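Structure first, commentary second.
It should be emphasised that the depicted structure is a prediction, and the values quoted were computed from it without experimental measurement. Naming convention: chains lettered A, B, ... in sequence-line order (proteins, then strands); numbering from 1 in each chain.
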Protein chains: 2
Amino acid sequence: MKIEDALRQRGGRMTMQRRLILDALARARHHTTADDIQRQLRAKGFEIDASTIYRNLEVLEGLGHVTHTHLDDRVTRWHRADEERHGHLVCTVCGAETEVPMAALRPLARRLMERYGFAADLAHAAVSGICEQCRVVQSS
Amino acid sequence: MKIEDALRQRGGRMTMQRRLILDALARARHHTTADDIQRQLRAKGFEIDASTIYRNLEVLEGLGHVTHTHLDDRVTRWHRADEERHGHLVCTVCGAETEVPMAALRPLARRLMERYGFAADLAHAAVSGICEQCRVVQSS
DNA sequence: GAAGATATCGCAACTCCCTGCAATAGCGCC
DNA sequence: GGCGCTATTGCAGGGAGTTGCGATATCTTC
Ligand SMILES: [Mn+2]
Ligand SMILES: [Mn+2]
Ligand SMILES: [Zn+2]
Ligand SMILES: [Zn+2]
């Protein structure tokens, strides 16, 4: 078990809660939430405190096992790090979500590095805006 | 009064709370928060409910008088719309905030329009990443 | 296998923001 | 200037996420 070793090397411990959360992540859908995980575990008969879930997601993120994204102003979405990283476009009118390959965002990242020495993570927050359909409706 | 007219034309009303919030926004610093506004008004002897502040900021945003931005995962920041719109780079290590002109972000917006028909608002969420200093420290 | 050190847990309390609802106060009209 | 319609307010309650603290479980060491 790779993660278990990484944990212990940093003085961490493998608890039952941690193992359960890792299991849940393994089975979870693409963009999962802390609440999803808690409900999935509750359905299997395990009651894990919400703060434990949040704290563990943070630890797992530190270990590079998961990442998080903000698609809207509300809930945080979590992904396993082994999934392909990608950006998101979210329409503020209809809520439609489009995934975009990092390649489409790379030129901006490069520019920000050149101009500001800033290593941008353009997948962390979705790009908000208005999708094609909604724009057509508005202008008609 | 421009805003007052815009309000009433849409069937809105100019309440004391609304006027106080507009005053507070006029005096507020560059990136203000709902809590800033509430405290500023409290200091002048007016107690306005938080929900009233949030609801009014939303209305004023609908009228195009203010916009909001997310610099970190916590508090929402509000700007008067008459200020020049700009993007933000926020370092996830040290928290440093850098403003960037929209011109630097425009090429990506153009690309997203061409490829996805998506009218991106690249000022809505800050671009998170790691600033030059922090990157140097990490790699040393 | 037990003992000690401490990472982690559950709980309670807190922050920011949103929403439903009954009471209130602006506004348009006469 | 008064009346009625209804937009807006304050309040209470809720959802997501964070934090401090005392109790517990895991890991290390013997
Ligand atoms: Mn927003
Ligand atoms: Mn985040
Ligand atoms: Zn849309
Ligand atoms: Zn930094």
Nearest-Å distance, CD1 (A/I21) to P (C/dC9)?
7 Å
So, B/Q38 side chain and B/D49 main chain: donor-acceptor pair closer than 3.5 Å or not?
no
Would you please indicate yes or no on a ring centroid separation below 6.0 angstrom for A/H88 and A/H31?
yes
So, taking the atom named CG in A/D72 and the one named CD in A/E97, what distance separates them when rounded to the nearest 0.5 Å?
7.5 Å
Describe, in one word, how the ring planes of B/H79 and B/H86 are oriented to each other, choosing from parallel (under 30°), tilted (30 to 60°) and perpendicular (over 60°).
perpendicular
Rounded to whole angstrom units, what separation is found between the CZ atom of A/R19 and the P atom of D/dA25?
15 Å
Gap between atoms NE2 and C1', on A/H68 and D/dG17 respectively (whole Å)
11 Å
Reading DNA chain D from 5' onward, which residue's closest nucleotide shows up sooner: B/G12 or B/D73?
B/G12
Would you kindly compare B/A50 and B/M16 by the position of their nearest DNA chain C nucleotide and give the one closer to the 5′ end?
B/A50
Any B/T15 side-chain nitrogen or oxygen under 4.0 Å from OP1 or OP2 of D/dT9:
yes
Please report the distance, rounded to the nearest Å, between CD in B/Q17 and C1' in D/dC11.
14 Å
Does A/T52 make a side-chain N or O approach to OP1 or OP2 of C/dT8 shorter than 4.0 Å?
no
Spacing between B/R13 atom CZ and D/dA7 atom P, to the nearest angstrom
6 Å
With a 4.0 Å cutoff (strictly under), does any side-chain N or O of A/Q38 reach OP1 or OP2 of D/dA16?
no
Length of the line joining A/D36:CG and D/dG15:P, which is rounded to integer Å
15 Å
Donor-acceptor check, side chain of A/T92 to backbone of A/G129, threshold 3.5 angstrom: yes or no?
yes
Are B/Y54 and C/dC18 close enough that a side-chain N or O sits under 4.0 Å from OP1 or OP2?
no
Rounded to whole angstrom units, what separation is found between the CZ atom of A/R55 and the C1' atom of C/dA7?
11 Å
Hey, does the side chain of B/R74 come within less than 4.0 Å of C/dT15's phosphate (OP1/OP2), counting only N and O?
no
When you match B/M14 and B/S51 each to their closest nucleotide on DNA chain C, which lands nearer the 5' end?
B/S51
Nearest-Å distance for atom pair CG/P, residues B/D35 and C/dT15:
9 Å
